[in-house]
Amino acid sequence: MRKKTAALAVILLFLTVTLWGVTTAGAEPPVETPAENVILMVPDGTGIAHTTLARWYKGDPLALDEIAAGLVKTYSAESAVTDSAPAATAFATGFKSNDEYVSVLPDKTTTPGVKPAAADQQFKPVASVLEGAKMLGKATGLIATKMIEDATPAAFSAHTPDRRDSDSVAEQQVYQQIDVVLGGGLDYLLPENAGGKRKDGQNMVHVLENFGYDVVKTSEEMKNSSAAKLWGAFTPKHMSYDIDRIPTEEPSLAEMTDKAIDVLSQDPEGFFLLVEGSQIDMASHANDPVGVISETLAFDKAVNIALEFAKQNPDTLLIVAADHGNGGLSIGNRNTDSNYDKLDISSYLQPLKMAKLTGAGLESKLNTGKTNVKEVLREYYGINDLTEEEIAAIKNAPSGDLNEVVGPMISKRANLGWTTSGHTGEDTVLYAFGPESPAGVLDNTEIARTITQALGLDLKELNESLFVPAKNTFESLGAKVYYDQADPENPVLEVIKGDNELKLPVNTSIANINGNIKYMEGLTLAPKDIIYVPREAVEIFQAEH
């Protein structure tokens, strides 16, 4: 189905890509032979101190070091410090957007130099590079270590002004029929009556199986799968930190990356793959250096897998860029104000090297009454000097919040500083390798520009094909249009003319024409109840007249 290109994506051999409504920095990159494959890797929330600390801990260069190429500006349409949703939207679509918005245009623009969306374009869905790759007939993949419905993977595969609407995101992802999806988030594939959290009663696992996916739930199942369509949902919500995970149950990011490349590279037309190292961000929010190191090194191992593939396949473009900084991590803190030039590296690393788990992993080692705090911290962190205040903080920490309590304790002993538990607005490091490889100081929207250039597709044309205003378009054909919200969790657009009736369930690719089910190359979407349909929906309706 995804092999059809039919004017939905245009090969650019002599033209540069125009992304309307976007202000970016730098000149248009020259057009060269399009890449066969593109791998985009996002270490969520990673700053320069994160990689520096991880390199010291490892004791050797990172795989990332070899391909450092420049910097990425991270601001959103409304803020100098971006949320993951608009940051990923910029990477995926070439458009700046607002906090919480996933691949829809902004309604608020205050950042200098960013062109606002026209009033009638606000909240309009905008096409992602993953959707463009599908239209070119390429295989596509998504990987994350948080739930796959989270902001970054969602921006490449869904469209909503609410990143936390995980039911809608999951449904859209399923009906996109992405070839390989690996991560957490099983809860949002299953309805409440099957042990999940979906409120609409839909069982997305059954839909996936009907589409021919091998749905796997453990590392062993993933490794043993030989399916061309693979969906791994390894945890109900987010996956474990790499240092905490049970290898037979949850695969590493490197293992997921290796598996995805193995499956996707079988497609003779090439592939697009997004890989997110999601938990670096979570560890940074918690000011947890053990989690930061665990996840940064796990991500770097995945980068090494992708880089080796790119070296062996010179038609592969690899781009690595963090969406934003997080935590304001510094190697050195107020304890080192007067002696920073006298401290050797062991004063920073020794407390970190003794840690065997993150704070999240540590929680399972405490007994019900948390009477064994001293023993557990001694065994798993090598800490023998806990204060009464620290013991009380651990005992009083709510379930799931221990990372935020233990992380700062370790940071203090390791002479590490944090300025915030939120995101930060500095530029992030750009890493790149392969054809169309970018370099220099880029706006985050130029990541999408580079990928479209390399793949040879036109997102402007794709936007016009995938997101047609439904009401005006169908009414211009003499049809009556109804928005059936009798079941508010499962709304349906209905189009009627004479004896012909077209039903388009929102968040799906289903086109039910006179009782016959067809699957479209795009989705029916209703951000803010303004309904958009693929041009194919209009063609299906017209074909019946």
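Treat the numbers as computed from the prediction; the structure is a model and nothing was measured.
Between the side chains of Ser157 and Gln176, no donor-acceptor pair is found at a separation under 3.5 Å. Donor-acceptor pairing under 3.5 Å is recorded for the side chains of Tyr241 and Asn403. Side-chain contact annotation: His285 with Asn326, donor-acceptor N/O pair under 3.5 Å present. Asp214 and Ser225 share a side-chain donor-acceptor pair at under 3.5 Å.
Exactly one residue among His50, Met282, Gln279 makes a side-chain contact (heavy atoms from CB on, under 4.5 Å) with Val292. That residue is His50. With Asp150 as the partner, the salt bridge (charged side-chain N to carboxylate O under 4.0 Å, His left out) test is satisfied by one option alone out of Arg163, Arg164, Lys237: Arg163. Just one of Val81, Asp443, Thr82 meets the side-chain contact (heavy atoms from CB on, under 4.5 Å) condition when paired with Tyr75; it is Asp443. Of the candidates Leu130, Val129, Leu142, Leu142 is the only one forming a side-chain contact (heavy atoms from CB on, under 4.5 Å) with Leu274.
Between Glu255 and Lys259 there is no salt bridge, since no side-chain nitrogen of the basic residue lies less than 4.0 Å from a carboxylate oxygen of the acidic one. Classification of Lys73 and Glu446 as a salt-bridged pair fails, no side-chain N sitting under 4.0 Å from a carboxylate O.
At a threshold of 4.5 Å between non-hydrogen side-chain atoms, the residues Leu457 and Leu459 count as touching. The closest side-chain heavy-atom distance from Lys217 to Thr235 is not below 4.5 Å.
For the residue pair Val180 and Ala260, the shortest heavy atom distance occurs at CG1-CB, 4.0 Å. Minimum interatomic distance between Asp242 and Ser252 (heavy atoms only, all atoms of both residues): OD1-CB, 3.8 Å. Considering every non-hydrogen atom in both Asn507 and Ser168, the closest pair reads ND2-OG, 3.3 Å. Residues Pro534 and Gly522 come closest through the heavy atom pair CG-C, 3.4 Å. Taking all atoms of both residues into account, the shortest heavy-atom contact from Lys124 to Asn463 is NZ-O, 4.2 Å. For the pair Glu426 and Gly325, the tightest heavy-atom approach, listed with the atom from each and the gap, is OE2-CA, 3.7 Å.
From Asp200, atom CG reaches atom CG of Asp487 across 8.0 Å, with rounding to the nearest 0.5 Å. Rounded to the nearest 0.5 angstrom, Ser509 OG and Lys518 NZ are separated by 13.0 Å. Taken to the nearest 0.5 Å, the OG1 atom of Thr257 stands 8.5 Å off from the CZ atom of Phe299. The CG atom of Leu329 sits 11.0 Å away from atom CG of Asp288, with the distance rounded to the nearest 0.5 Å. Between Asn444 atom CG and Leu430 atom CG the span is 11.5 Å, to the nearest 0.5 Å. Remark: Glu131 CD to Leu523 CG distance equals 6.5 Å, nearest 0.5 Å.
Checked by atom type and distance alone, the side chain of Thr452 pairs as donor or acceptor with a backbone atom of Arg449 at under 3.5 Å. Between the side chain of Asn98 and the main chain of Asp107, a donor-acceptor pair closer than 3.5 Å is present. Formation of a donor-acceptor pair under 3.5 Å by the Thr524 side chain with backbone atoms of Val533 is not found in this model. Between the side chain of Glu250 and the backbone N or O of Ser240, at least one donor-acceptor pair lies under 3.5 Å. Between the Lys138 side chain and the Glu36 main chain, a donor and an acceptor come within less than 3.5 Å of each other.
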**Report entry** CA sep, side-chain torsions, deciding dist, call: Arg198, Glu171, salt bridge (Lys or Arg N to Asp or Glu O under 4.0 Å)
**Finding:** CA-CA 10 Å; Arg198 294 192 66 83; Glu171 187 169 19; 3.8 Å; yes
**Report entry** Test log, rule side chain to side chain contact (heavy atoms under 4.5 Å, CB included), inputs Val174 and Tyr213
**Finding:** CA-CA 10 Å; Val174 167; Tyr213 282 87; over 6 Å; no
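Using a 30° and 60° split on the angle between ring planes, Phe272 and Phe156 fall in the parallel class, below 30°. Using the six-membered ring where Trp is involved, His324 and His423 have ring planes that are parallel, under 30° apart on the 30 and 60° scheme.
Taking the centre of each ring, His159 and Phe467 come in below the 6.0 Å mark.
Lys229 NZ: more than 12 foreign heavy atoms inside a 6.0 Å radius.
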